[in-house]
Chemist: 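I'd like to ask some things about the structure below.
Below, read A as the first sequence line, B as the second, and so on, with proteins coming before strands; counting in each chain starts at 1. Fair warning: this is a prediction, and the values are worked out from it, not measured in the lab.
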Amino acid sequence: MIRVYNTLTKTKEPFEPVHPPKVGIYLCGPTVYKPSHIGHMVGPVIFDCIKRYLAYSGYDVTLVVNVTDVDDKLISESSARNIPMAELANEMTADYMRNIEALGVDAIDHFPLCTAHMGDIIELVGRLVERGYAYVSGGDVYFDVTKTGDYGKLSHRPADALMGEGGGMAERKRNAADFALWKSAKPGEPSWPSPWGPGRPGWHIECSAMSRALLGDTFDIHGGGLDLVFPHHENEIAQSENATGKPYAKYWMHNGLMQASDELGKVGGRQTRAREGDLTSQEAGKISKSKGSSAFREMLERFSGETIRFFLLSTHYRRPIDFSEGRVEEVETGLETFYRFFKRFQRVTGESFYSLPAATRRADGDFDPGADPLLEHVADLRNRFLADMDDDFNTGGGIGALFDLVRALNKYVDEEGLENPGRQTPDKLASLRQGATTLRELGLTLGLFRSPVDEKAAGAGGELVGKLLDLFVAVRAEARQKKDFATADHIRNGLAELGVTLEDRPGGTDWTIG
RNA sequence: GGCGCCGUAGCCAAGUGGCUAAGGCAGCGGAUUGCAAAUCCGCCAUCGUCGGUUCGAAUCCGACCGGCGCCUCCA
C-alpha cells in the first residue's frame, strides 16, 4: 500500500487512483524566461522518480509537465533583450530540456506549451464566464472568488486573508482576491484573439486547461513546489472545479524548496520583508527566480547529472534542501561506493552490472531467497526499501537501504573470496548476481544506475593518458616483482599527486583518475 | 500582523508512541595489504530547552529559544 501526503488534507492518505491502473500526474513546469537553476530541477527529478516507482508498482502512469511560454515575465525579458517572445521561449525551453535530460529525467510523457493550447484556455475561461464564476472588466476576465464556497481549501487560509494581484489590475476587480483569467493586451504585446478582445492567459488558467486537455477533468496527482500552493494551485482548483463541476486533482503533492547555497546556486531570499537587522535571513533564503541564480548548466560542468540526482533524492522530497557544492561533493563520495562495486562485480563475474536484467515490475521481482543467507539479507533490504518508498516516496530512507545492500554484497565477495577465480562456484556467483540484480532493480526505480557514468579520464587526450598509465603500471609491476618497493611507491605516490589512484589487487593493478 | 514548516552525532540525514535511534560524509581502532588504495569489522547521538500526557515519547500536548517558508513573481 502506497501512501502519499496530500496538501489538501494535510495527512498521508492511501494512494487509490481515480481510474486504476491508470494514474495521471500533472507537475507545474517552468516559465521559460531565464535559464534553469538547481531549484527548478527538484520537481522534475522527484516526479520522474515518483512516476518510475508507481510504474514499477504496477500502475500505468501518464506524467505531464507544462511549459509556460507566455507570461508577463517573458514579455518583459524578451523586450529587454529585444527579441521576440517566442524566440526567448524556445531558447529557454531548450535549456530546460538539456538540464532535465542530464539528470536522467525522461519519464515525462507530455510537455504541453501554453501557446499551443490557446483554444482550450479560451474555452475554459468562457465556461467560467457563462457559469457566472468570472466577469469581464475592461477587456480582462477575472475569477470572482466570492462565488465559490471553498476558496482557500488547499492553502488552508481564511478567504479574507487571500489577496490577489494588486497594481493596475486592482481597479478593474470586484474583490481584491479576484485573479485574472485573461489579460487584455497592451499595444505591442503578444496577443491572441478571444471573445473578450486580444490578450493572453492569466497565470493560472493554462495549467487548468492543459491538465484537463491531457488528463481529463479529474486526475490523480498534481505536483509543484511548495511556493505554488498559494495562489497558483489554490486558483487552479477554483477555476477547474467551477468550470467542470467535478473534483480537480485528488492528491496535491508539494516538494520542499531549495534553500541557501553558494557559488553554484546563488540565493534569492526575502527582500521586501526582511526585518531590521535580519541579514542572515537574506543570506539563507530560498533560491528565487527574482534574484540572480547561477545557471544549472554550470553545475553540470562540475558534477554528473547522476550525482546531482542522487543528491536531490538523498533527502525526503518535502524537506527543504540546503544546497552547497560541499554537500554535493559528499554525496558524490558516497555514490562512488556504488560505482566501485559495479566495477568489482564486473571483475568477478565478467558481466556488466548495467546489463543485468532487473525486474521492471515489483511483483516480478519477488524471489525466494531459499536458504541462502545472502539472499535472505537481500530480501530484507529490498523489503525495507519498498516500505520506505511506499511511505510517501521516502527516497532518503530507501537510499540508506541501498547502501546496506552494497555493503552486504561487498562483504559476500570478501568472505567468499570471489575475487579469486579459484574460489568461485556457480552457486556463489549466482547468488551474487541475484543480489546485484536486486540492487539494480531498486536503483532503477529511483532513476539511478541506469548506464555507466563517463569516466573523468575520457575527453581530450584520454586515450593517450590511458596508455601512459598502463605503461606506468606495467613498469611498477616489474619493480614490485623485484621487491623494488621504493620505485613502486615512487610511481604510485607520483601518480597520486596527479590525481591518479592505483589499487593493487591479486589480479593486477587498476588505476582511476579523480 | 495572519498562516505554516523545521531543530536527531563534527556535517548531511531516515525514523513521528514501544526491540540495541537507519544510512552517508568526516574521524578513530582493527582485519586485509610489501606499504597503500579499495573492501570488511568495530567505535562515535538519548533526539533544541523546560513542563505535561502515557505503563512507555525523538515521536502526542503546551510554553519558550533558535532557523526558515508563504501571505508579492517564484519550482
Chemist: Quick one: A/Asp391 CG to B/A22 P, roughly how many Å, whole number?
Modeler: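 Roughly 18 Å, once rounded to whole Å.
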Chemist: Is the shortest side-chain N/O distance from A/Ser155 to OP1 or OP2 of B/C71 below 4.0 Å?
Modeler: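 Looking at the OP1 and OP2 atoms of B/C71, neither is under 4.0 Å from any side-chain N or O of A/Ser155.
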Chemist: For A/His232, report the nucleic acid contact type (base, sugar-phosphate, nothing); a contact means any heavy atom under 4.0 Å.
Modeler: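 Nothing, no nucleic acid heavy atom in range.
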Chemist: To the nearest Å, how far apart are A/Phe303 CZ and B/C25 P?
Modeler: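 These atoms are roughly 16 Å apart.
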Chemist: Calculate the interatomic distance between A/His254 atom NE2 and B/C68 atom P; express it in whole Å.
Modeler: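 These atoms are roughly 23 Å apart.
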Chemist: If the threshold is 4.0 Å, N to carboxylate O, is there a salt bridge linking A/Glu329 and A/Arg302?
Modeler: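 Result for this pair is yes, salt bridge flagged.
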Chemist: Have a look at A/Arg318 and say if it touches a base, only the backbone sugar-phosphate, or nothing, with a 4.0 Å heavy-atom cut-off.
Modeler: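 Nothing: the residue A/Arg318, judged by heavy atoms under 4.0 Å, touches no strand.
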Chemist: For A/Arg476, which contact category applies under a 4.0 Å heavy-atom criterion: base, sugar-phosphate, or nothing?
Modeler: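 The answer is base, as A/Arg476 lies within the cut-off (heavy atoms under 4.0 Å) of a base atom.
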Chemist: Report the distance from atom CG of A/Asp388 to atom P of B/A22, rounded to the nearest whole Å.
Modeler: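 Those two atoms, CG and P, are 13 Å apart.
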Chemist: Both A/Asp414 and A/Phe485 contact RNA chain B. Taking the nearest nucleotide for each, which residue is further toward the 5' end?
Modeler: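 Its nearest nucleotide being more 5', the pick is A/Phe485.
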Chemist: Counting heavy atoms from C-beta on, name the nucleotide in B/A26, B/G34, B/A38 closest to the side chain of A/Thr333.
Modeler: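 Nearest to the side-chain atoms of A/Thr333, counting from C-beta on, is B/A26.
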Chemist: Nearest of B/C35, B/U39, B/G24 to any side-chain atom of A/Arg344?
Modeler: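 Minimum distance to the A/Arg344 side chain belongs to B/U39.
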Chemist: What integer number of Å spans the C1' atoms of B/U39 and B/U33?
Modeler: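 It comes out at 11 Å once rounded to the nearest Å.
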Chemist: Distance criterion of 3.5 Å, no angle test: do you see the side chain of A/Asp504 paired donor-to-acceptor with the base of B/C35?
Modeler: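 Side chain to base: pair present.
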Chemist: Measuring only the P atom in each nucleotide, how far is B/C71 from B/G27? A whole number of Å is fine.
Modeler: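 The same atom, P, in both gives a distance of 42 Å.
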Chemist: Considering only atom P, compute the distance from B/A9 to B/U53 and round it to an integer number of Å.
Modeler: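 Going atom to atom, P in each nucleotide, I get 28 Å.
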Chemist: What nucleic acid atoms does A/Leu228 come within less than 4.0 Å of, heavy atoms only: base, sugar-phosphate, or nothing?
Modeler: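 Result for A/Leu228 = sugar-phosphate.
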Chemist: When you measure from the centre of the six-membered ring of A/Tyr33, is the NZ or CZ of A/Lys73 under 6.0 Å away and within 45° of the axis?
Modeler: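 That pair qualifies as a cation-pi contact.
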Chemist: Does B/U49 pair with anything, Watson-Crick or G-U wobble, both distances under 3.5 Å, and if so, with which nucleotide?
Modeler: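 Answer to the pairing question: B/A63, which forms a Watson-Crick or G-U pair with B/U49.
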Chemist: Does a nitrogen or oxygen in the side chain of A/Arg340 sit under 4.0 Å from OP1 or OP2 of B/U39?
Modeler: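 So the side-chain polar atoms of A/Arg340 do come within 4.0 Å of the phosphate oxygens OP1 or OP2 of B/U39, strictly under.
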Chemist: Starting from P on B/C73, measure out to NE2 on A/His37 and report it in whole angstrom.
Modeler: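 Rounded to whole Å, this separation is 17 Å.
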Chemist: Answer yes or no: is there an ion pair linking A/Arg407 with A/Asp404, defined by an N-O contact shorter than 4.0 Å?
Modeler: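 Salt bridge: yes.
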Chemist: When you measure from the side chain of A/Glu206 to the backbone of A/Cys114, do you find a donor-acceptor pair of N or O atoms at a distance under 3.5 Å?
Modeler: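 Pair absent, no side-chain N/O of A/Glu206 close to backbone of A/Cys114.
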Chemist: Under 3.5 Å for both donor-acceptor distances, Watson-Crick or wobble: does B/U16 have a partner, and if so which one?
Modeler: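 Per the H-bond distance test, none.
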Chemist: Determine the Euclidean distance between corresponding P atoms of B/C43 and B/A21; express it in Å to zero decimal places.
Modeler: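 Those two atoms are separated by 12 Å.
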Chemist: Could you check whether A/Thr11 and A/Asn6, counting side-chain N and O atoms only, form a donor-acceptor pair closer than 3.5 Å?
Modeler: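 No, A/Thr11 and A/Asn6 have no side-chain donor paired with an acceptor closer than 3.5 Å.
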Chemist: For B/U39, give the paired nucleotide (Watson-Crick: N1-N3 plus N6-O4 or O6-N4; G-U: N1-O2 and O6-N3; both under 3.5 Å), or none.
Modeler: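 Its partner is B/A31.
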Chemist: Which nucleotide sits closest to the side chain of A/Glu503: B/C11, B/C35, B/A37?
Modeler: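 For the A/Glu503 side chain, the nearest candidate turns out to be B/A37.
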Chemist: Could you tell me whether the side chain of A/Glu234 and the main chain of A/Leu154 form a donor-acceptor pair under 3.5 Å?
Modeler: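 Checked: pair present.
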Chemist: Considering only the C1' atoms, how many Å lie between B/C65 and B/G51, rounded to the nearest integer?
Modeler: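 Taking atom C1' in both B/C65 and B/G51, they lie 14 Å apart.
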Chemist: Below 4.0 angstrom, N of the basic side chain to O of the carboxylate: do A/Asp510 and A/Lys343 qualify?
Modeler: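 Answer for the salt bridge query: no.
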Chemist: Any idea which of B/A14, B/C35, B/G23 is nearest the A/Thr315 side chain?
Modeler: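 The answer is B/A14, which lies nearest to the side chain.
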Chemist: Please determine, for the side chain of A/His316, which listed nucleotide (B/C71, B/C25, B/A14) has the closest atom?
Modeler: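 The nucleotide sitting nearest to the side chain is B/A14.
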Chemist: Which residues, if any, of residues 396-406 of chain A bring a heavy atom under 4.0 Å of RNA chain B?
Modeler: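 Residues of residues 396-406 of chain A that come under 4.0 Å of RNA chain B are, in numerical order, A/Gly396, A/Gly397, A/Gly400, A/Phe403, A/Asp404.
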Chemist: So, is A/Arg327 close to the B/G24 phosphate, meaning a side-chain N or O under 4.0 Å from OP1 or OP2?
Modeler: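 False: A/Arg327 side-chain N/O out of range (4.0 Å or more) of B/G24 OP1/OP2.
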Chemist: Please report the distance separating the C1' of B/C61 from the corresponding atom of B/U54, rounded so that it comes out in whole Å.
Modeler: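 That atom pair is separated by 12 Å.
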Chemist: Mark yes or no: A/Arg327 above the aromatic ring of A/Phe311, with NZ or CZ under 6.0 Å from the six-membered ring centre and no more than 45 degrees from the axis.
Modeler: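 No cation-pi geometry.
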Chemist: Look at all strands and tell whether A/Asp489 reaches a base, only sugar-phosphate, or nothing, counting heavy atoms closer than 4.0 Å.
Modeler: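 Base contact.
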Chemist: Over all heavy atoms of both residues, which pair between A/Tyr26 and A/Phe219 is shortest? Give the atoms and the distance, please.
Modeler: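 Closest pair (atom of A/Tyr26, atom of A/Phe219, distance): CB-CE1, 3.6 Å.
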Chemist: Side-chain contact, heavy-atom cut-off 4.5 Å: A/Asp391 with A/Asp388?
Modeler: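 Not touching, per the 4.5 Å side-chain cut-off.
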Chemist: Is B/C3 paired to anything, Watson-Crick or G-U wobble with both distances less than 3.5 Å, and if yes, which nucleotide?
Modeler: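 Per the H-bond distance test, B/G69.
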Chemist: Could you tell me how far B/G15 sits from B/C28 if I compare only their P atoms? Round to whole Å.
Modeler: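 So the two P atoms sit 31 Å from each other.
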Chemist: Let me know the distance between CZ of A/Phe230 and P of B/C70, rounded to the nearest Å.
Modeler: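 Atom-to-atom, A/Phe230 to B/C70, this comes out as 13 Å.
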Chemist: Whole angstrom is fine here: how far is it from CZ in A/Phe385 over to P in B/G24?
Modeler: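 The answer, rounded to whole Å, is 16 Å.
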Chemist: With distance as the sole criterion, do the side chain of A/Asn394 and the base of B/G15 form a donor-acceptor contact below 3.5 Å?
Modeler: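 Flag unset: no donor-acceptor pair detected.
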Chemist: Which residue, A/Arg480 or A/Cys28, contacts RNA chain B at a nucleotide closer to its 5' end, judged by nearest heavy atom?
Modeler: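 Nearest-nucleotide comparison on RNA chain B picks A/Arg480.
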Chemist: For A/Arg319 and B/A14, is the shortest distance between a side-chain N/O and OP1 or OP2 below 4.0 Å?
Modeler: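 Looking at the OP1 and OP2 atoms of B/A14, one of them is under 4.0 Å from a side-chain N or O of A/Arg319.
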Chemist: When rounded to the nearest Å, what value does the distance between P atoms of B/U49 and B/G7 take?
Modeler: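 Straight-line distance between the two P atoms is 13 Å.
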Chemist: To the nearest Å, give me how far apart CZ (A/Phe345) and P (B/U39) are.
Modeler: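 In whole Å, B/U39 P and A/Phe345 CZ are 18 Å from each other.
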Chemist: Given B/G24, B/A37, B/C40, identify the nucleotide with an atom nearest to the side chain of A/Thr501.
Modeler: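 Taking heavy atoms from C-beta onward, the closest nucleotide is B/A37.
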Chemist: Does B/U39 have its OP1 or OP2 closer than 4.0 Å to a side-chain nitrogen or oxygen of A/Lys411?
Modeler: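 For B/U39, OP1/OP2 do not have a side-chain N/O of A/Lys411 under 4.0 Å.
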Chemist: Establish, with yes or no, whether the OP1 or OP2 oxygen of B/A36 is under 4.0 angstrom from a side-chain nitrogen or oxygen of A/Asn493.
Modeler: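 No, no such contact exists.
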Chemist: In terms of side-chain heavy atoms, does A/Arg318 have a donor or acceptor partner in A/Asn255 at a distance below 3.5 Å?
Modeler: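 The answer is no; no qualifying pair exists.
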Chemist: Look at A/Arg505 and B/U39 and indicate whether a side-chain polar atom (N or O) is within less than 4.0 Å of OP1 or OP2.
Modeler: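 So the side chain of A/Arg505 is outside the cut-off, no N or O lying under 4.0 Å from OP1 or OP2 of B/U39.
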